Protein chains: 2
Amino acid sequence: MLREPLAEGMECGLPAALEAMGERWSFMILRAAFNGIHHFEEFQTELGIARNILSNRLQRLVGHGIMERRVMECDRRKVHYRLTAKGIDLLPTMVALRQWGERWGSGIPSTPVLVDERDLQPVRAIVLQAHDGRPLGIHDLCWMHAHEVRPLRDGQSGEPAVALAG
Amino acid sequence: MLREPLAEGMECGLPAALEAMGERWSFMILRAAFNGIHHFEEFQTELGIARNILSNRLQRLVGHGIMERRVMECDRRKVHYRLTAKGIDLLPTMVALRQWGERWGSGIPSTPVLVDERDLQPVRAIVLQAHDGRPLGIHDLCWMHAHEVRPLRDGQSGEPAVALAG
DNA sequence: TAGGATAAGTAGCATTTCGCAACCTAATGG
DNA sequence: CCATTAGGTTGCGAAATGCTACTTATCCTA
């Protein structure tokens, strides 16, 4: 039975992700950014975070390419922070974490809910899926060496080939 | 345009989730647990974490109902730590975080890869989906008050009704 | 063009957490 | 009964966090 290498070598993406997002306020700042917060003072007052910590966290996020810092043309006092593609790509992770917190937290009814703009229905609970979309539980999984994975023929998958996922 | 309430009131599940899992080693311990680590000394040597911190983190995880602590019958020196249902339910979140780290990290080829036991194909990248399975990007979303969401008629959804998700 | 207001930080200091190493305690095994 | 093992706890220095006050650059208005 193949097991994931755990020794500190960080051969898996998790330590890398935690290096960028594992600090105390990172996910809260990210959530604010997803909600249209763009300025230092906004983050500070909305989140109630200390100014020096916020400064440090924003620098870190920018340093990791998760956010972008741009001095505004119209008013050069103001600095505009925005999510990069890399930052936006954390959306599923953040929603998954949030959904877990809602499911197991102290029964928060969670208003407002995140809905699909097209039909105004709540988004689906984030689940682990097989290449063809079947939901997978923890007992449906095992590890394989990447070079031993046999590629699929075209059209064999039920979805438009969202590529790898480890 | 409705926006998510950010003020520290933590009306969303994210702060609750971070309260339980937001500390430095929590996700690494979780990963080890998913990989079959069950004992204090195993966690300690595999992760290279300080003993007092590990002790504290395990207590916290147990306290939050994410792990379970059981003294073993066969050898009462040994303590068996295992994931509860609540802990196992963090799997999608952890995989999402890990996949993100792999996609954007320093180009780690990621061996071994997590595969579906049934057909030995890598699991799909975790994405945000509409109730019917359509993948959703950040621009396909908006917020709605829970009581304003109009319930769907049966069979209108493409998947076996995985319930809410906010 | 001075003077005040605003935005985005920085600096100093107290408190908390982290991390390392050594120590402790209970159970086992010979 | 003594050594060993498993799972911690304790003490202490280093680092991160948080609060408040201060600074710097820019804008706006009189």
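Bear in mind the structure is a predicted one, so any value in this text is a computation, not a measurement. Chain naming here is simple, since letters A, B, ... match the order of the sequence lines and numbering starts at 1 in each.
- Rounded to the nearest 0.5 angstrom, B:L90 CG and B:L97 CG are separated by 11.0 Å.
- In this structure, B:E102 and B:V113 have side chains that are not in contact, with every pair of non-hydrogen atoms separated by 4.5 Å or more.
- Between the CG atom of B:L54 and the P atom of C:dC20 there is a distance of 13 Å, given to the nearest Å.
- Counting to the nearest Å, the C1' atom of C:dA7 and the CZ atom of A:F43 are 14 Å from each other.
- Checking the phosphate oxygens (OP1, OP2) of D:dA15, no side-chain nitrogen or oxygen of B:R24 falls inside 4.0 Å.
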(message) Generate the contact string for nucleotides 2-13 of chain D. Rules: B means base contact, S means sugar-phosphate contact only, - means no protein heavy atom under 4.0 Å.
(response) --BBSBBBBB--

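- The separation between A:I37 atom CD1 and C:dA7 atom P is 14 Å, rounded to whole Å.
- Using the six-membered ring where Trp is involved, B:H80 and B:H38 have ring planes that are parallel, under 30° apart on the 30 and 60° scheme.
- A distance of 10.5 Å separates CE in A:M21 from CZ in A:R60, rounded to the nearest 0.5 Å.
- Ring geometry, B:F43 versus B:Y81: the interplanar angle exceeds 60°, so the pair is classed perpendicular (tilted spans 30 to 60°).
- Side chain of A:E46 to main chain of A:I37: no donor-acceptor pair is present (N/O by atom type, distance under 3.5 Å, no hydrogens or angles).
- In this structure, A:R76 and A:I53 both approach DNA chain D, and ranking their closest nucleotides by distance from the 5' end singles out A:I53.
- In this structure, the CD atom of B:E23 is 13 Å from the C1' atom of D:dT17, given to the nearest Å.
- Protein atom CG of B:L18 is 16 Å distant from nucleotide atom C1' of D:dT17, rounded to whole Å.
- Between A:W25 and D:dT17, a side-chain N or O to OP1/OP2 separation shorter than 4.0 Å is absent.
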